[in-house]
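Each chain gets a letter, A, B and so on, in the order the sequences are listed, and its residues count up from 1. Computed from heavy atoms alone, side chains included, the values below leave out hydrogens, waters and symmetry copies.
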Protein chains: 2
Amino acid sequence: MIDDFGASLRNLRLKATPRRLAILDILASEPVYLSPEEVWQKLKARFKKAGLPSVYRNLEILAQGGVIIQIIHPDRKLYYYHCRNGSHHHHFVCIACRKVQDLAFCGMDEIEREIKGVLKGRVVSHVLQVYGLCKECTNDTGIHDKESV
Amino acid sequence: MIDDFGASLRNLRLKATPRRLAILDILASEPVYLSPEEVWQKLKARFKKAGLPSVYRNLEILAQGGVIIQIIHPDRKLYYYHCRNGSHHHHFVCIACRKVQDLAFCGMDEIEREIKGVLKGRVVSHVLQVYGLCKECTNDTGIHDKESV
DNA sequence: TATTAAATAGAATCTGTTTCTGTTTAGAGG
DNA sequence: CCTCTAAACAGAAACAGATTCTATTTAATA
């Protein structure tokens with residue numbers, strides 16, 4: 001299945017500018033999360049002129065539209081990931097290679113039941129993210145430059 | 001049960017300085033999360049001289065020692081909360097009044113099983129946090145100055 | 001008490017992110 | 001195809017939360 005970025009942008013009433021399409025392509029080309037700065041570096045390899053503020057703006061707009069998603073990272077910086085799976089789910093983030101994988105389990109039903117029943121509160125949103133080593137990095141000898149998480 | 005901040009600091013081989021004790025007291029006095037800036041404001045009410053860098057340093061040290069915990073917030077700023085419950089658990093954060101409440105359910109067993117079994121990966125850490133309205137704020141007419149989360 | 005490593009204040013700095021201004025451009029409508 | 005306009009853009013500047021640096025003070029040990 002080949003992603004038609006133009007179509008998804010049209011659905012969101014967003015102009016399909018070359019830079020915007022490139023940003024989407026950059027994020028979709030690998031299942032890893034990237035920082036705005038990193039996206040910018042890759043974008044500048046394709047366009048002589050490319051502004052970092054445009055990258056930030058596009059990432060925000062695209063995330064708002066649901067085409068990409070923000071990764072919650074303990075370092076509190078922005079990271080984005082191109083997610084094909086539209087339904088609600090969470091991610092398993094490899095702290096070695098940055099690969100992001102979808103999780104099937106969520107567990108919010110139980111938590112929502114607890115909050116409603118015990119705390120008498122109302123759930124608005126939640127974040128759940130799991131960090132660890134993916135299959136490849138687990139089998140690795142560990143000569144990676146692992147990030148601390 | 002009265003917290004003996006001095007004792008917990010001694011356990012961590014940390015000096016029980018007046019400012020450090022005050023920071024702990026400020027955080028423990030209410031079950032809400034505070035930003036470093038807010039802690040600083042409250043600290044300055046007790047000490048004529050108090051540096052913001054000291055607040056940051058203390059919050060980091062205390063969080064490292066487990067005396068307080070960092071709250072994961074969508075705005076990606078630092079927030080801290082004095083948590084009495086030492087065992088592993090997660091939090092229900094009220095987006096209206098900032099109150100933090102402990103959750104019993106975690107759900108990581110299922111997720112760990114999925115990651116081990118399906119993805120063949122290894123879990124290192126995880127974040128789970130739930131945002132919503134606490135009992136009091138749910139019953140409210142909504143005249144609060146709610147934060148957007 | 002004397003000592004010393006830890007903690008501190010305050011200034012300066014850093015870095016990721018955002019705002020601002022004027023210019024360019026994608027895409028709708030003629 | 002052209003024309004037009006709001007959206008998108010580049011680049012500079014600004015911003016804010018967080019951190020580093022240096023000299024000074026202080027808690028806690030001996």
Rounded interatomic separation in angstrom, taking [atom1] from [X] and [atom2] from [N]:
X: A:K48; N: D:dC9; atom1: NZ; atom2: P; answer: 18 Å
X: A:L43; N: D:dA8; atom1: CG; atom2: P; answer: 15 Å
X: B:K77; N: D:dA18; atom1: NZ; atom2: P; answer: 8 Å
X: B:L34; N: D:dA18; atom1: CG; atom2: P; answer: 13 Å

Set of residues satisfying salt bridge (charged side-chain N to carboxylate O under 4.0 Å, His left out) with respect to B:D25, sequence neighbours excluded =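 Scan of B:D25 (salt bridge (charged side-chain N to carboxylate O under 4.0 Å, His left out), adjacent residues dropped) gives B:R46.
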message = Would you call the rings of B:H73 and B:Y79 parallel, tilted or perpendicular, taking 30° and 60° as the class edges?
response =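 Tilted, since the angle between the ring planes falls between 30° and 60°.
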Which pair of heavy atoms, one from [X] and one from [Y], lies closest together, and at what distance?
X: A:K120; Y: B:T138; answer: O-OG1, 4.3 Å
X: A:R19; Y: A:A50; answer: NE-CA, 4.3 Å
X: B:D102; Y: B:H91; answer: OD1-CD2, 3.2 Å

ask   = Any donor and acceptor pair, going by atom type alone, linking the side chain of B:S125 with main-chain N or O of A:Y131 inside 3.5 Å?
value =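 Not at all, since once roles are kept as given, no pair shorter than 3.5 Å links the two residues.
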message = Output one letter per nucleotide in nucleotides 19-30 of chain D: B when a protein non-hydrogen atom lies under 4.0 Å from the base, S when only the sugar-phosphate is that close, - when neither is.
response = BB-----BBS--
key: NZ (B:K116) with more than 12 external heavy atoms under 6.0 Å   =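 Not buried by this count: 12 neighbours or fewer within 6.0 Å.
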query = Under a 4.0 Å N-O cut-off, is there an ion pair linking B:K77 with B:E37?
reply =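 No.
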inquiry  = Need two values: the first and the last nucleotide of DNA chain C, 5' to 3', having an atom under 4.0 Å from any heavy-atom of chain B.
reply    =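 The contact span of chain B on DNA chain C goes from C:dA5 to C:dT17.
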